[in-house]
Amino acid sequence: MENNDILVSGAGIAGPALAYWLRRAGFNPVVVERAPAPRPGGQAVDLRGAGRTVITRMGLMEAARAVSLEQRGFALVDARGRIDARMPADAFGGEGIISEIEILRGDLADLLYDATRQDTEYLFDDTVTALDQDADGVTVTFEKAAPRRFALVVGADGVHSTVRRLAFGGADRCFRPIGGYTAWFTAELDLDLDGWYMMHNTPGGLVSSARPGRRPGEVKAGLSFRSGPLTYDRRDLGAQRRLIAERFAGAGWQTPRLIEAMHRADDFFFEQMGQVHLDGWSRGRVTLVGDAGYCPTPLTGLGTSLALVGGYLLAGELASSRGDFGAALARYEELMRPYVTGAQELPPGGMGGFAPNSALAIRMRAASMRWMTRWPMRPLMAAQFAKAADIDLPDYAEPVH
């Protein structure tokens, strides 16, 4: 009897989105997630370009708009909180620095989970520990559940993907740092942002940011800095918080208040900023989708689009292949690779443009932003923002599998 079971590791954005389309295509998706339940909270993510198209085809756009954030746009502020430059949310057709539809990561994950939970098996509080594959499938060993046989295993488990490590090797072979670190957390603060996503640069490559959450008094905060590789324990959150506090000592604007709130936050997250680059996303009956295979970094604003589009294309090609998994995976990469390549091109200046080192460079950043909507910079920026829609999505409306 043909095995239609497909294991998806990761219940964030890419995993449940892929599970939705796999079920539509006639497969039996099983999603395993290390966390004991869907992860709540998180920062705002963009629904833009082709990612927005995928959500629309899922019939979830109305629900996504219902929980989207009300934000006026993006603004650079000085140490006193005065706006130096701004870009409204409707700039570039709603595809600018802040997209027309911004939604908290946890809210989007909840929408995708709710759309799949009735007909998809979820294994929470568990993870993959071993993969033993042959020409016909993969035998998967779990930390807690009994071993099972799957036709395909998909790693949708982020930058530090367990599936990628087991099937492809160590992270050092594919992770490319871009020269900085970032921390995200929710701050319970009475901070008047007036609906703007505000960002402040301090000389030395420090970036403090705050944007409105969905609840009153909720601020989604970020503290990022330029740095070469650092040695730190990913499990020691206290040490990470101290590292951030030391780096940002003396920084202006609302940074001291954000640091105080950071020490109280229960969703603190600290990460080296970088991209995932692989020559190929598949090894036999194991493949990757989203950040596990092609993380673009938060600077591009395209991680969510890549996750949604990748899941859509992978499921569609599996459905169209009539059981030829090799052909399906090759076609998935053929369609997805150009989109990923464009999405991984960093904005002008890269990490240096995002986190300038000097006061002069900070002033130049604000000046360049003021010119983004004017000639001659407008066409260049329009091309940058258009990358989100730079793919012609096939119509997989009629499953073949």
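Judged purely by atom type and a 3.5 angstrom limit, Gln240 uses its side chain to pair as donor or acceptor with the backbone of Arg234. Judged purely by atom type and a 3.5 angstrom limit, Arg285 uses its side chain to pair as donor or acceptor with the backbone of Ala151. Counting only distance, with no hydrogens or angles, the side chain of Gln275 and the backbone of Gln344 share a donor-acceptor pair below 3.5 Å. Side chain of Asp126 to main chain of Val32: no donor-acceptor pair is present (N/O by atom type, distance under 3.5 Å, no hydrogens or angles). Arg23 contributes no side-chain N or O that, together with a main-chain N or O of Thr116, makes up a donor-acceptor pair within less than 3.5 Å. The backbone N or O of His277 lies less than 3.5 Å from no partner atom in the side chain of Arg176, so there is not a single donor-acceptor pair.
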Practice task
With salt bridge (charged side-chain N to carboxylate O under 4.0 Å, His left out) as the test, would you mind laying out the steps for Asp324 and Arg331 before giving the verdict?
Solution key: CA-CA 11 Å; Asp324 188 342; Arg331 179 65 175 160; over 6 Å; no
Exercise for the section: For the pair Arg148 and Glu121, evaluate salt bridge (charged side-chain N to carboxylate O under 4.0 Å, His left out) and give the outcome as yes or no after the intermediate values. Expected result: CA-CA 13 Å; Arg148 291 171 63 174; Glu121 181 182 358; 3.0 Å; yes
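Taking the six-membered ring where the residue is Trp, Tyr332 and Tyr294 present tilted rings, their angle falling between 30° and 60°. Classification of the Tyr181-Phe225 ring pair by plane angle, with boundaries at 30° and 60°, yields parallel.
With Leu288 as reference, Leu278 is the one residue of Val153, Val154, Leu278, Val276 to meet the side-chain contact (heavy atoms from CB on, under 4.5 Å) rule. Remark: of the listed residues Gln71, Arg65, Arg48, Arg65 is the sole one forming a side-chain contact (heavy atoms from CB on, under 4.5 Å) with Glu100.
Listed by chain and residue number, nothing satisfies the side chain to side chain contact (heavy atoms under 4.5 Å, CB included) test with Pro338 (two or more places apart in sequence, or in another chain).
For Trp21 and Tyr312, the gap between ring centers is short of 6.0 Å.
For the pair Leu329/Leu152, a side-chain contact is recorded, criterion being any heavy-atom separation below 4.5 Å from C-beta on. The shortest distance between side-chain heavy atoms of Leu111 and Ile55 does not fall below 4.5 Å. Taking the side chain as every heavy atom from C-beta outward, Arg105 and Gln43 never approach each other to under 4.5 Å. You'll find the side chain of Thr182 stays beyond 4.5 Å of the side chain of Phe269, heavy atoms only. In this structure, Phe248 and Ser208 have side chains that are in contact, with non-hydrogen atoms separated by less than 4.5 Å. Annotation: side chain of Tyr20 is not in contact with side chain of Leu112 (no heavy-atom distance under 4.5 Å). A 4.5 Å side-chain heavy-atom check between Ile98 and Met87 finds every atom pair outside the cut-off.
The environment of CG in Asp392 is sparse: at most 12 heavy-atom neighbours from other residues, nucleotides or ligands sit within 6.0 Å. Asp190 CG: 12 or fewer foreign heavy atoms inside a 6.0 Å radius.
Looking at every heavy atom in both residues, Phe185 comes nearest to Ala265 through CB-CB, 3.8 Å. Among all heavy-atom pairs drawn from Arg34 and Thr127, the shortest one is NH2-OG1, 3.4 Å.
Distance CD/Glu333 to CZ/Arg337: 4.5 Å, rounded to 0.5 Å.
Sorted by first and then second residue, the pairs that involve residues 354-383 and meet side-chain hydrogen bond (donor to acceptor under 3.5 Å, both in side chains), not counting sequence neighbours, are Asn201-Arg365.
Figure legend: cation-pi geometry between Arg117 and Tyr122 absent, as NZ or CZ is not positioned both under 6.0 Å from the six-membered ring centre and within 45° of its axis.
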